[in-house]
Amino acid sequence: MPELPEVETVKNGLAPVMEGYVFDRVQLNRADLRFPFGDDFISRVQGQKLERLSRRAKFMMAELSSGDRLFMHLGMSGKFTIDPAAFEKHDHVIFEMSSGNRVVYNDTRRFGFMELIKPGEPSRLDHLGPEPLSNELSAPVLRAALKGKKNKIKAALLDQRIIAGLGNIYVCEALYRAKLSPTRASGKLTVADTELLVRHIKDVISDAIKAGGSSLKDFANTDGELGYFQHSFDVYGRENEPCNICETSIHRIVQTGRSTFYCKACQR
DNA sequence: AGAGCTACCTGAAGGC
DNA sequence: TGCCTTCAGGTAGCTC
């Protein structure tokens, strides 16, 4: 279920027990998540030092001392726990770090994956669009990326090549804040629309990261579980509840197979 | 080429 | 109680 803010929070929670430490032992409880781990996964990770842990879009990236990069994606249901008290169903990967901590990856639906990439090798990150919080995302950049597109703005914002890291929740929330209907043609946004949208995308993402950090308190709850925290959403999951601005009932429609929540009165 | 559909997988919730 | 359907915050790969 994680989008960019959740992945950022997980990365910040894992860094203190992983960054600068060696993978003393790697345990795989099955041969694959979404993709097979590969026969050499354990031998390429075990004994390596994790030099740096970072995030790009919804991916976490661990740079190993060998030069390999370990990409980790949480899919829909992936979560990490540090030093869990007991073994849980769907605990698929266990990293024993030289920090003395056990880092456990649990993923019910197994849409997540881990993948090792050699230096210079192509990866799934190669075609990602700009990070929402970076200066690379600006109104002119978004406008250029949307130029000539025939789809709806909701679908365009979920396209990781346009902006990297937005998911269903934060696209709904950003469109609400920008007062733009999710059914608008993406290629026809005005300059003013695009400026508003970019500003609210950045705001909603940075608000969520702040909320994650503060509500998780040192980025881990009492069970050491990372990746879930409570948000208050204006529209997401609020079908038939009143709009916080005008009290009109929040509407739910399905676009490209996913739920979209919006206020028909406020969003035009 | 681009847009949209389906697949992948498990579990929770709701209707009957 | 159980059975069935629908839904879930992800991306990849197929079809048209």
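Please read these numbers as outputs of a predicted model, since none were measured by experiment. Because only heavy atoms are used, hydrogens play no part in the values below, and waters and symmetry mates are left out as well, while side chains stay in.
In this structure, the ring pair (Phe, Tyr, Trp, His ring centres under 6.0 Å) partners of A/Tyr105, at least two apart in sequence or on a different chain, are A/Phe80. For the side-chain contact (heavy atoms from CB on, under 4.5 Å) test, no residue two or more places apart in sequence or in another chain qualifies with A/Lys150. With sequence neighbours left out, A/Lys264 forms a side-chain contact (heavy atoms from CB on, under 4.5 Å) with A/His251, A/Tyr262. Among residues two or more places apart in sequence or in another chain, the ring pair (Phe, Tyr, Trp, His ring centres under 6.0 Å) test is passed with A/Phe41 by A/Phe37. Applying the side-chain contact (heavy atoms from CB on, under 4.5 Å) rule to A/Ala62 yields the partners A/Leu50, A/Leu53, A/Leu64, A/Leu70, A/Met72; only residues at least two apart in sequence or on another chain are considered. Listed by chain and number, the residues in a side-chain contact (heavy atoms from CB on, under 4.5 Å) with A/Glu195 are A/Ala139, A/Val191 (sequence neighbours excluded). Here A/Ser206 pairs with nothing under the side chain to side chain donor-acceptor pair (under 3.5 Å) rule; sequence neighbours left out.
In DNA chain C, consecutive stretches of 3 or more Watson-Crick or G-U wobble pairs with both distances under 3.5 Å are given as paired ranges: B:2-8 with C:10-16, B:10-16 with C:2-8.
Of the residues in residues 105-129 of chain A, A/Arg109, A/Phe111, A/Arg124 come within less than 4.0 Å of DNA chain C through at least one heavy atom, sorted by number. Within residues 173-191 of chain A, no residue has a heavy atom under 4.0 Å from DNA chain B.
Legend: salt bridge (charged side-chain N to carboxylate O under 4.0 Å, His left out) pairs involving residues 170-179 of chain A, not counting sequence neighbours, sorted by first then second residue: A/Arg177-A/Asp207.
Of the options A/Lys49, A/Arg44, A/Lys118, a salt bridge (charged side-chain N to carboxylate O under 4.0 Å, His left out) to A/Asp68 is made by A/Arg44 and by none of the others.
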Run A/Thr260 and A/Thr183 through side-chain contact (heavy atoms from CB on, under 4.5 Å) and show every step you take. CA-CA 10 Å; A/Thr260 299; A/Thr183 64; over 6 Å; no

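Listed pair A/Tyr170 / C/dG9 fails the phosphate criterion, with no side-chain N or O lying under 4.0 Å from OP1 or OP2.
Close approach of DNA chain B to chain A, defined as any atom under 4.0 Å from a non-hydrogen atom of the protein, starts and stops at B/dA3 to B/dG11.
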